[in-house]
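Reminder, nothing fancy here: chain letters follow the sequence lines and each chain counts from 1.
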Amino acid sequence: MEKLGVEVETKKPKVKEVGLQELPGTHENIVLRFAPNPSGPLHIGHSRAAVPNAEYVKRHNGKLILRIEDTDPKRVFEPAYQMIPEDLKWLGIEPDEVIYQSDRFETYYDYARQLIENGAAYMCTCDGGDFKELKDNCKACPCRDNSVEENLELWEKFDTMQAGEAVLRVKTDINHKNPAIRDWVAMRLVDETHPRLGNKYRIYPMMNFSVAVDDHLMGLTHVLRGKDHLANTEKQKYLYDHMGWDVPEYIHYGRLKMEDIALSTSKAKEGIENGTYSGWDDPRLGTLRAIARRGISPKTIYDLIIEIGVKMADSAISWKKIYGLNRNFLEPIANRYFFCENPVKVSVENYSEGKMDIERPLHADHPDRGNRHLAFDGEAYLAQSDIADGIFRLMDAVNVEIDGENIVYHSTSFEDAREVKARIIQWVPVEENVNVKIVMDDASVKTGLGEKALNDLEVGDIVQFERVGFARLDEIKDDEMIFYFAHK
RNA sequence: GCUCCGGUGGUGUAGUCCGGCCAAUCAUUUCGGCCUUUCGAGCCGAAGACUCGGGUUCGAAUCCCGGCCGGAGCACCA
């Protein structure tokens, strides 16, 4: 008995984690960072990195750094400097500090020099191909044996060399079983004009170098990154080792595959430039701003990413899942309205009930929100796709029988409609209505009429068009309202 | 090819480290029913999974070995 008791006690309590696993290592004064390359606005894939960082910081009252990794001028898209913080804000993420790597070149140079002085890095003037040949065969290149003095001399002259003529390499293990790890490049020459630096510098740090220096200097306790950085983590550990720094806790998460939108930032940019897409918020794109425009709640994305967590296995997220979650947010807030696509004006023969003022609640579950009013006096617009032979109930109004071109009054009560199992369809009054366009998720447009109560809406409001789906009001024009379709 | 990493319902997850409380959690999805009124919302209900084969063990989703499948990296990109 006693033995059993001891065994049970040594076991860690199994705490049910909600979504994110507990952070390894310290939970005191944690410092995390989100470090995107400013090549465009944030994509849904970026939220995979941003959200867990922000969530851990929130849970442990830590510090979140937004670090803009703009050390490759070819991959900097200037507007992204503004777009990234905007997109983070939409997600509900406010970094405690924003840092631009392009401000820190002098720092990188200091550490590069230190590394050379320690004999941990060397200037390599080999041809790239030749170096690879040697490296792949576990052979050091001739430059590796140069003295510290020779290296320092080359380092001083680095700035005057031709791009490609030399690089600074960090010594690792030339026999490392993974060739990718062997003596990686820390600094190279770049002649491109940098959007923030102009042509002030020619010596640019490689990502592995600037990231490791910054992660250390900024006191990162944990580094969350995709598993595509696994080899980089190992490379960077050599640098920590050379410098005698403590390594942070590394957490690698798997790839996030998103169905339908395999669109990379560069492809999206190209499509925008050639007119294929209307902009970064084109509904076909997977950018956060496109998703926002369609009425997807940031909370949906945030929660979904938390649910996916930071495990190493890849995951594929589907629109169905996003829509399903988002529906839970939208259902209680979105008021209901009628919309008829490709409206057809119909007159109900033999209708003699006179003018009806029909009231329908803005939301069936929230009567306190009030009612909309729809007038019916024997005529209405119906959606073309709803017109077919049979008995139909114009929702809350009358029941009609359609037979080819003829539309004849059948009855008025809902009970009569039920009795004949009439399908219930929505309609729009002929006197008072508004022109509505709905931009669908494939950028096609549904054109039709909506009820006049839509006039009370403001841009940004999300509604549910009954039997059509949820949509966000994007723009109010003089003679029409433009919605973006979210989902059913 | 080489190096490394994964594999729980259609999808996303919990459980795996420390084997039994797991005939496996929750969400989404699909299907069915309900609803004085969304054939598309809502409500209720149901369906559906441990990659395979060996081994260890009284007992394996969980530990070991092997196969299969999938992914990533192999840049003077990040």
Side-chain angles (χ1 to χ4, degrees), chain A residues 7-8 10-14 16-19 21 35-39 69-76 101 124 127-128 131-132 135-136 163-169 176-182 184-190 204-208 210-211 225-235 252 254-257 259 303-309 311-328 330-332 334 336 338 360 363-365 386 392-397 413-415 417-418 421-426 464-470 487-488:
Chain A
E7 248 172 59
V8 169
T10 53
K11 240 184 170 182
K12 271 189 207 165
K14 288 190 179 176
K16 178 114 180 173
E17 291 292 341
V18 269
Q21 64 184 57
N37 166 254
S39 57
E69 307 211 324
D70 51 352
T71 53
D72 179 8
K74 285 192 285 294
R75 289 185 33 159
V76 173
Q101 289 195 311
C124 176
D127 171 79
F131 180 85
K132 184 176 174 8
K135 178 197 75 172
D136 287 346
E165 208 179 315
V167 293
L168 179 73
R169 290 187 184 277
H176 196 287
K177 60 184 172 179
N178 183 353
I181 310 292
R182 301 173 194 158
W184 48 272
V185 176
M187 293 276 183
R188 87 288 202 181
L189 257 11
V190 174
Y204 276 69
M206 295 294 290
M207 165 268 187
N208 274 308
S210 51
V211 161
R225 50 168 53 150
K227 67 177 185 185
D228 46 320
H229 283 293
L230 239 19
N232 291 322
T233 296
E234 209 175 337
K235 289 183 188 181
H252 296 93
R255 302 278 292 183
L256 189 63
K257 283 172 289 185
E259 72 175 12
D303 289 357
L304 178 59
I305 298 296
I306 295 294
E307 177 181 326
I308 290 169
K311 59 175 199 169
M312 192 93 82
D314 294 348
S315 33
I317 60 177
S318 65
W319 284 109
K320 272 186 177 176
K321 175 84 177 181
I322 291 177
Y323 295 162
L325 294 175
N326 200 56
R327 191 146 43 223
N328 296 333
L330 259 31
E331 203 284 321
R336 273 54 168 172
F338 286 171
R360 268 188 72 77
H363 192 121
D365 297 334
D386 279 336
F392 296 86
R393 175 166 181 77
L394 308 193
M395 206 178 285
D396 268 350
S413 75
F414 175 71
E415 287 70 25
R418 294 211 79 173
K421 292 191 166 25
R423 182 197 279 180
I424 298 167
I425 60 177
Q426 75 277 17
Q464 188 196 107
F465 289 119
E466 299 199 35
R467 291 176 60 237
V468 175
F470 294 95
H487 47 77
K488 296 271 191 185

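- Listed candidates were B:rU28, B:rA72, B:rC39. Nearest to the side chain of A:Arg423 is B:rC39.
- The residue among A:Ala313 and A:Leu394 whose nearest nucleotide of RNA chain B is located toward the 5' end is A:Ala313.
- Between the NZ atom of A:Lys132 and the C1' atom of B:rC74 there is a distance of 7 Å, given to the nearest Å.
- Comparing atom distances between the A:Met312 side chain and each of B:rU37, B:rU11, B:rG6 picks out B:rG6 as nearest.
- Residue A:Lys177 has its side chain nearest to B:rC4 when only B:rC4, B:rA72, B:rU37 are considered.
- Inter-residue side-chain proximity for A:Arg423 and A:Arg393 is flagged as unmet; no heavy-atom pair is nearer than 4.5 Å.
- B:rC26 atom C1' lies 14 Å from atom CG of A:Leu304, rounded to whole Å.
- Listed nucleotides B:rC4, B:rC77, B:rU11 differ in distance to A:Arg75; the shortest reach to its side chain belongs to B:rC77.
- As rounded to the nearest Å, B:rG6 and B:rC58 have C1' atoms that lie 32 Å from one another.
- With hydrogens and angles ignored, no donor-acceptor pair under 3.5 angstrom links the side chain of A:Gln426 to the base of B:rU38.
- Judged by distance alone with a 3.5 Å cut-off, a donor-acceptor contact links the side chain of A:Lys321 to the base of B:rA27.
- Remark: B:rG7 base-pairs with B:rC68. Criterion, Watson-Crick or G-U wobble with two distances under 3.5 Å.
- Taking atom P on both B:rA41 and B:rU29, the two are 9 Å apart, rounded to the nearest angstrom.
- Annotation: side chain of A:Thr233 is not in contact with side chain of A:Lys227 (no heavy-atom distance under 4.5 Å).
- For the pair A:Glu331 and A:His363, the minimum side-chain heavy-atom distance is below 4.5 Å.
- Checked against B:rC39, B:rG73, B:rG12, the side chain of A:Glu307 finds its nearest nucleotide in B:rG12.
- Of the candidate nucleotides B:rU30, B:rG12, B:rU38, B:rU30 has the atom nearest to the side chain of A:Lys320.
- Taking the C1' atom of each, B:rC44 and B:rG55 are spaced 47 Å apart, rounded to whole Å.
- At the phosphate of B:rC74, neither OP1 nor OP2 sits under 4.0 Å from any side-chain N or O atom of A:Arg182.
- Taking only side-chain atoms of A:Asn232, from C-beta outward, the nucleotide of B:rC39, B:rA78, B:rG73 with the closest atom is B:rA78.
- Side-chain contact check for A:Met207 versus A:His229: some heavy-atom pair is nearer than 4.5 Å.
- Within the structure, a side-chain polar atom (N or O) of A:Asn328 is placed less than 4.0 Å from OP1 or OP2 of B:rU28.
- The base-pairing partner of B:rC22, taking Watson-Crick or G-U wobble contacts with both distances under 3.5 Å, does not exist among the strands shown.
- For B:rU36, the OP1/OP2 oxygens have no side-chain nitrogen or oxygen of A:Ser413 closer than 4.0 Å.
- B:rG40 sits 24 Å from B:rG48 when the P atoms are compared, rounded to a whole Å.
- A:Lys488 has its side chain out of reach of A:Tyr323: every pair of non-hydrogen atoms, C-beta onward, lies at least 4.5 Å apart.
- Between A:Arg225 and B:rA78, a side-chain N or O to OP1/OP2 separation shorter than 4.0 Å is absent.
- Distance A:Ile181 CD1 to B:rG73 C1': 9 Å, rounded to the nearest Å.
- Here the side chain of A:Arg467 pairs no donor or acceptor atom with the backbone of A:Phe465 at under 3.5 angstrom.
- In this structure, A:Ile322 atom CD1 and B:rU11 atom P are separated by 16 Å, rounded to whole Å.
- Closest to the A:Ser315 side chain, of the nucleotides B:rU29, B:rA78, B:rG12, is B:rG12.
- Of the side-chain N and O atoms in A:Arg336, none sit less than 4.0 angstrom from OP1 or OP2 of B:rA41.
- Residues A:Gly164 and A:Lys488 each lie close to RNA chain B; by heavy-atom proximity, the contact nearer the 5' end of the strand is made by A:Lys488.
- Within 3.5 Å, no donor on the side chain of A:Glu331 pairs with an acceptor on the base of B:rG42, nor the reverse.
- Base pairing annotation: B:rG40 forms no Watson-Crick or G-U wobble pair, as no partner gives both donor-acceptor distances under 3.5 Å.
- Note on A:Met206: only backbone sugar-phosphate atoms sit closer than 4.0 angstrom, heavy atoms only; bases stay farther off.
- The CG-P distance, from A:Leu230 to B:rA78, rounds to 18 Å in whole Å.
- Taking atom CZ of residue A:Arg467 and atom C1' of nucleotide B:rG40, one finds them 7 Å apart after rounding to whole Å.
- A:Thr71 places none of its side-chain heavy atoms less than 4.5 Å from the side chain of A:Val190.
- B:rC22 and B:rU11: their P atoms are spaced 25 Å apart (whole Å).
- If you check every strand for non-hydrogen atoms under 4.0 Å, A:Asp396 touches a base.
- Base pairing of B:rC74: its partner is B:rG1, meeting the Watson-Crick or G-U wobble criterion (both donor-acceptor distances under 3.5 Å).
- Of the candidate nucleotides B:rC35, B:rU38, B:rU37, B:rC35 has the atom nearest to the side chain of A:Arg418.
- Within 4.0 Å (heavy atoms only), A:His252 reaches no atom of the nucleic acid at all.
- Residue A:Lys311 contributes atom NZ, which lies 16 Å from atom C1' of B:rA72 at whole-angstrom precision.
- With hydrogens and angles ignored, the 3.5 Å screen pairs no side-chain donor or acceptor of A:Asn232 with any backbone N or O of A:Asn208.
- Within the cation-pi definition used here (under 6.0 Å to the ring centroid, within 45° of the axis), A:Arg360 does not qualify as a partner of A:Phe338.
- Here the separation of B:rU3 from B:rA14, taken at their C1' atoms, is 32 Å to the nearest Å.
- Heavy atoms of A:Val185 sit under 4.0 angstrom from primed sugar atoms or phosphate atoms, though from no base atom.
- One interatomic measurement links the two molecules: CD of A:Gln21 to P of B:rU25, which rounds to 22 Å at whole-angstrom precision.
- When the C1' atom is used for both B:rU13 and B:rU25, the distance is 9 Å, rounded to whole Å.
- Here B:rU62 sits opposite no nucleotide as a Watson-Crick or G-U wobble pair (both hydrogen-bonding atom distances under 3.5 Å).
- Here B:rA46 sits opposite B:rU30 as a Watson-Crick or G-U wobble pair (both hydrogen-bonding atom distances under 3.5 Å).
- Taking the side chain as every heavy atom from C-beta outward, A:Lys321 and A:Leu325 approach each other to under 4.5 Å.
- The gap from the P atom of B:rG1 to that of B:rG53 amounts to 26 Å, rounded to the nearest Å.
- The side chain of A:Arg327 lies closest to B:rA41 when the candidates are B:rA78, B:rA41, B:rG40.
- For B:rU36, the base is not stacked against the aromatic ring of A:Phe414, per a cut-off of 5.5 Å between centres and 30° between planes.
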